[in-house]
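Because the structure is a prediction, the values reported are computed rather than measured.
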Amino acid sequence: MEFQPVELGGTERPRVVLPAPDPGLLRRIETASTVDELAGVVAAHPDSSDAWAALGERHERSDAAPENAVTAYACYRVGYHRGLDALRKNGWNGGQSVRWEDEPNRGFLRCVAGLARMADRIGERPEAERCARFLVDLDPDWNPSNR
């Protein structure tokens with residue numbers, strides 16, 4: 001039996017948009033040239049999903065060593081949870097969308113996507129699949145190839 005999507009009146013779900021990150025913080029993230037500098041930014045701003053996402057991406061890109069995948073996974077996991085806290089603080093109750101096109105949401109969504117990739121890389125398939133489904137639930141237009 002093939003399942004068909006249920007139409008709920010054709011209206012988009014309400015959105016939650018996180019507050020815009022401090023431009024100074026974003027500059028510090030962008031200009032950090034080493035993992036240690038980026039880790040310092042994260043230590044100074046532990047509630048920033050943008051900072052955690054950047055640190056996870058730095059570890060993910062560093063090489064294919066298993067310990068880097070685990071470290072990236074941990075960074076993304078913390079950024080994911082900090083992002084959930086921020087979403088809840090801003091009115092998210094699980095039913096609203098969190099769209100990529102709303103730029104302040106990107107740090108959180110990068111963490112969820114990174115968590116899915118690293119869970120897959122370390123063999124945690126159920127978590128990878130759960131995160132992939134969660135991304136589409138948060139943003140129905142989610143396309144991992146252009147993120």
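- Within the 4.5 Å cutoff, the side chain of Val98 has no heavy atoms near those of the Asp139 side chain.
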CA sep, side-chain torsions, deciding dist, call: Arg15, Arg99, side-chain contact (heavy atoms from CB on, under 4.5 Å): CA-CA 7 Å; Arg15 296 179 184 210; Arg99 305 294 294 250; 3.5 Å; yes
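- The two residues Leu109 and Leu138 have their closest heavy-atom pair at CD2-CD1, 3.9 Å.
- Residues Ala39 and Leu55 share a closest heavy-atom pair of N-CD1, 4.2 Å.
- Side-chain contact of Tyr73 with Glu60: a donor-acceptor pair under 3.5 Å is absent, judged by distance alone.
- To the nearest 0.5 Å, atoms CG (Leu115) and SG (Cys75) are separated by 11.0 Å.
- The same ILVMFWY cluster, assembled from side-chain heavy atoms under 4.5 Å apart, contains both Val70 and Val112.
- Under a hydrophobic clustering in which Ile, Leu, Val, Met, Phe, Trp and Tyr are joined whenever their side-chain heavy atoms come within less than 4.5 Å, directly or via other members, Trp92 and Trp100 fall into the same cluster.
- Residue Glu37 qualifies as enclosed at atom CD: its count of foreign heavy atoms under 6.0 Å is above 12.
- Side chains of Arg121 and Asn68 form no contact here, defined as non-hydrogen atoms less than 4.5 Å apart.
- Here the side chain of Ser62 pairs a donor or acceptor atom with the backbone of His59 at under 3.5 angstrom.
- Under a 4.0 Å N-O distance rule, the pair Arg125/Asp120 qualifies as a salt bridge.
- Here the closest heavy-atom approach between residue Ala128 and residue Ala119 is recorded as N-CB, 3.7 Å.
- Residues Tyr76 and Glu57 are in side-chain contact: their nearest non-hydrogen atoms beyond the backbone lie under 4.5 Å apart.
- Remark: Arg82 does not engage Asp47 in a salt bridge, criterion side-chain N to carboxylate O under 4.0 Å.
- With hydrophobic clusters built from ILVMFWY side chains whose heavy atoms lie under 4.5 angstrom apart, Val78 shares a cluster with Leu38.
- Summarising the geometry of Arg58 relative to Ala32, their closest heavy-atom pair is NH2-O, 2.9 Å, with the distance given to 0.1 Å.
- With hydrogens and angles ignored, the 3.5 Å screen pairs a side-chain donor or acceptor of Trp52 with a backbone N or O of Pro46.
- Contact between Ala51 and Val42 at its shortest, heavy atoms only, is O-CG2, 3.5 Å.
- The residue from Arg117, Arg133, Arg77 that alone fulfils the salt bridge (charged side-chain N to carboxylate O under 4.0 Å, His left out) condition with Glu127 is Arg77.
- Pairing each heavy atom of Ala72 with each of Gly56, the nearest pair is CB-O, 3.5 Å.
- Here the straight-line distance linking atom CG of Asn143 with atom CG of Leu135 works out to 11.0 Å at 0.5 Å rounding.
- Classified by interplanar angle (parallel below 30°, tilted 30° to 60°, perpendicular above 60°), the ring pair Tyr80/Phe108 is parallel.
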List the atom pairs, donor and acceptor, that lie under 3.5 Å between side-chain atoms in residues 16-28 and the rest of the protein, sequence neighbours left out.
residue : atom : partner : partner atom : Å
Asp22   : OD2  : Gly24   : N            : 3.3
Asp22   : OD2  : Leu25   : N            : 3.1

